[in-house]
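One structure is given here, and the rest of the page talks about it.
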Amino acid sequence: QVQLVESGGGLVQAGGSLRLSCAASGLTFNNYAMGWFRQAPGKEREFVAAISRGGGTTIYTDPVKGRFTISRDNAENTVYLQMISLKAEDTAVYYCSGRNTILLHATYTGLGDYFDWGQGTQVTVSS
């Protein structure tokens with residue numbers, strides 16, 4: 001079965017940086033487009049960033065453009081989210097997920113596009 005394990009969250013001051021990792025198992029990783037989502041207290045889970053199977057296409061939600069970078073290492077079955085210039089409004093639990101696709105360059109931004117989720121990693125940004 002598919003397992004996704006997020007790590008790398010923590011407490012950081014505004015302006016700081018964190019790098020999240022998501023290790024995947026139980027799937028053929030390079031057949032999956034990957035995505036990061038986040039959920040703040042009292043809010044719905046929202047899209048953050050996505051990357052295509054081969055890593056050549058990425059997409060971001062507007063509030064994180066220029067600050068977050070999604071990448072993947074298909075040899076290590078891992079997707080990353082590098083976050084810089086963090087703001088208090090980035091505070092949330094961050095989740096990764098994958099979408100099996102035959103499309104090499106496709107990215108997916110909807111919650112309904114994904115089916116398996118990790119347990120999440122908490123990111124707290126103090127202002």
Side-chain angles (χ1 to χ4, degrees):
Q1 80 212 43
V2 175
Q3 283 195 317
L4 301 164
V5 180
E6 302 94 340
S7 61
L11 173 63
V12 63
Q13 289 188 333
S17 302
L18 284 173
R19 188 194 196 203
L20 306 184
S21 300
C22 171
S25 60
L27 73 167
T28 303
F29 187 69
N30 60 11
N31 286 348
Y32 281 70
M34 300 298 294
W36 283 97
F37 288 72
R38 65 186 180 186
Q39 188 166 15
K43 295 188 177 181
E44 294 186 350
R45 193 170 298 189
E46 64 176 4
F47 169 76
V48 176
I51 189 167
S52 59
R53 285 174 50 191
T57 304
T58 58
I59 188 170
Y60 301 88
T61 187
D62 284 346
V64 309
K65 284 181 181 176
R67 300 189 298 120
F68 290 12
T69 303
I70 188 171
S71 61
R72 65 189 294 159
D73 184 338
N74 284 352
E76 296 294 330
N77 287 9
T78 301
V79 61
Y80 303 97
L81 187 67
Q82 178 69 51
M83 309 185 294
I84 66 171
S85 302
L86 283 161
K87 305 176 181 180
E89 51 263 43
D90 295 319
T91 295
V93 178
Y94 283 71
Y95 300 88
C96 73
S97 188
R99 164 68 182 255
N100 194 343
T101 178
I102 64 171
L103 302 174
L104 185 60
H105 302 293
T107 55
Y108 301 89
T109 63
L111 272 174
D113 292 326
Y114 296 90
F115 303 101
D116 296 291
W117 298 91
Q119 82 291 344
T121 186
Q122 175 72 48
V123 171
T124 303
V125 183
S126 63
S127 56

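The analysis underlying the following values was restricted to heavy atoms, covering all of them including side chains, and did not include hydrogens, waters or symmetry mates. Quick note: residue numbers are just sequence positions, from 1.
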Supply the atom-to-atom distance F37 CZ to T61 OG1, rounded to the nearest 0.5 angstrom. 10.0 Å
Determine whether the side chains of R99 and Y114 contain a donor N or O and an acceptor N or O closer than 3.5 Å. no
Work out which heavy atom in A14 is nearest to a heavy atom in S127; give both atom names and the distance. CB-CA, 4.2 Å
R72 side chain vs R53 backbone, donor-acceptor pair below 3.5 Å: yes
Suppose the criterion is disulfide (SG to SG under 2.5 Å): which pairs have a residue in residues 72-123, not counting sequence neighbours? C22-C96
Would W117 end up clustered with L20 when hydrophobic side chains under 4.5 Å apart are linked, directly or stepwise? no
Is there side-chain contact between L4 and Y95, with at least one heavy-atom pair below 4.5 Å? no
Decide whether Y108 and L27 are clustered together by the hydrophobic rule: side chain heavy atoms of Ile, Leu, Val, Met, Phe, Trp, Tyr closer than 4.5 Å, transitively. no
Please answer whether the main-chain N or O of Y94 pairs with a side-chain N or O of T121 as donor and acceptor at a distance below 3.5 Å. no
Donor-acceptor pair, Q119 side chain versus E6 backbone, under 3.5 Å? yes
How long is the straight-line distance from CE of M34 back to OG of S52, given to the nearest 0.5 Å? 12.0 Å
Please check if the side chain of S97 supplies one atom and the backbone of D116 the other of a donor-acceptor pair under 3.5 Å. yes
Flag side-chain contact, heavy atom, 4.5 Å: L111 against E46: no
Among the clusters formed by ILVMFWY side chains lying less than 4.5 Å apart, do M83 and V12 turn up in the same one? yes
Closest non-hydrogen contact found for Y32 with T28 is CD1-O, 3.3 Å
Taking every non-hydrogen atom, the tightest pair across K43 and Q39: O-NE2, 3.1 Å
Taking distance alone, no hydrogens or angles, what donor-acceptor pairs closer than 3.5 Å link side-chain atoms of residues 63-70 to residues at least two apart or in another chain?
| unit_1 | atom_1 | unit_2 | atom_2 | d |
| --- | --- | --- | --- | --- |
| K65 | NZ | D62 | OD1 | 2.8 |
| R67 | NE | P63 | O | 3.4 |
| R67 | NH1 | S85 | O | 3.0 |
| R67 | NH1 | D90 | OD2 | 2.7 |
| R67 | NH2 | P63 | O | 2.9 |
| R67 | NH2 | D90 | OD1 | 3.0 |
| R67 | NH2 | D90 | OD2 | 3.4 |

Of all the heavy-atom pairs spanning S21 and T78, show the shortest one and how long it is. CB-CG2, 4.3 Å
